[in-house]
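What's counted below: heavy atoms across the whole structure, side chains too, no hydrogens, waters or symmetry copies.
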Amino acid sequence: MEGRTMNVEIYENVWDALADTEQEAANLKARSALLYEIRKAIQRWGIPQEEAAKRLGLTRPRINDLLRGKLAKFSLDALVNIAASAHLDIEIRVKEVA
């Protein structure tokens with residue numbers, strides 16, 4: 001292995017590492033934050049998945065995907081709608097990248 005160099009890239013967060021573009025990274029970050037907060041809200045409710053699905057207007061398989069953190073199955077728009085159904089207040093903060 002002597003003489004081989006390894007290129008190491010350092011990213012600010014995991015989404016930057018996974019995404020091909022800045023736009024995709026921003027979308028992943030926003031979706032992840034929403035999914036995380038929705039999951040926390042459902043867990044606080046302490047109700048069965050079937051009841052949580054009804055409360056949010058989702059099917060049981062869809063709530064299962066949500067609770068299992070399957071981010072790829074949810075668009076930003078869908079997660080905003082689910083968060084609103086869960087009575088979560090959504091605030092968007094935008095700042096210039098340094």
Point to revise | Residue pair A52 / I42: nearest heavy atoms and the distance that separates them | key: CB-CG2, 4.0 Å
Check your understanding: If two hydrophobic side chains count as joined below 4.5 Å and joins carry through other members, does L88 share a cluster with Y36?
Key -> no
Exercise for review: State, yes or no, whether a side-chain contact exists between E50 and I63 at a heavy-atom distance under 4.5 Å.
Suggested key: no
Exercise for review: Give the minimum heavy-atom separation between L56 and I82, together with the two atoms involved.
Suggested key: CD2-O, 3.9 Å
Practice item. Would you indicate whether the side-chain heavy atoms of E51 and W45 approach each other to under 4.5 Å? Key: no
**Study point:** Atom of I38, atom of L79 and distance for their closest heavy-atom approach
**Key:** CD1-O, 3.5 Å
Point to revise | Where L76 and A30 come nearest, the two heavy atoms and their spacing | key: CD1-CB, 3.9 Å
Check your understanding: Is N64 close to R68 at the side-chain level, that is, under 4.5 Å between some pair of heavy atoms?
Key -> yes
Exercise for review: Give a yes or no answer on whether the side chain of S85 reaches the backbone of N81 with a donor-acceptor pair at less than 3.5 Å.
Suggested key: yes
Review point. Is there a donor-acceptor pair under 3.5 Å between the side chain of R60 and the backbone N or O of Q49?
Key: no
Check your understanding: Hey, which of R31, E24, K29 is the one that makes side chain to side chain donor-acceptor pair (under 3.5 Å) with N27?
Key -> R31
Review point. How many angstroms lie between CZ in R39 and CD in E37, if you round to the nearest 0.5 Å?
Key: 11.0 Å
Practice item. For residues F74 and L34, determine if any side-chain heavy atom of one lies less than 4.5 Å from a side-chain heavy atom of the other. Key: no
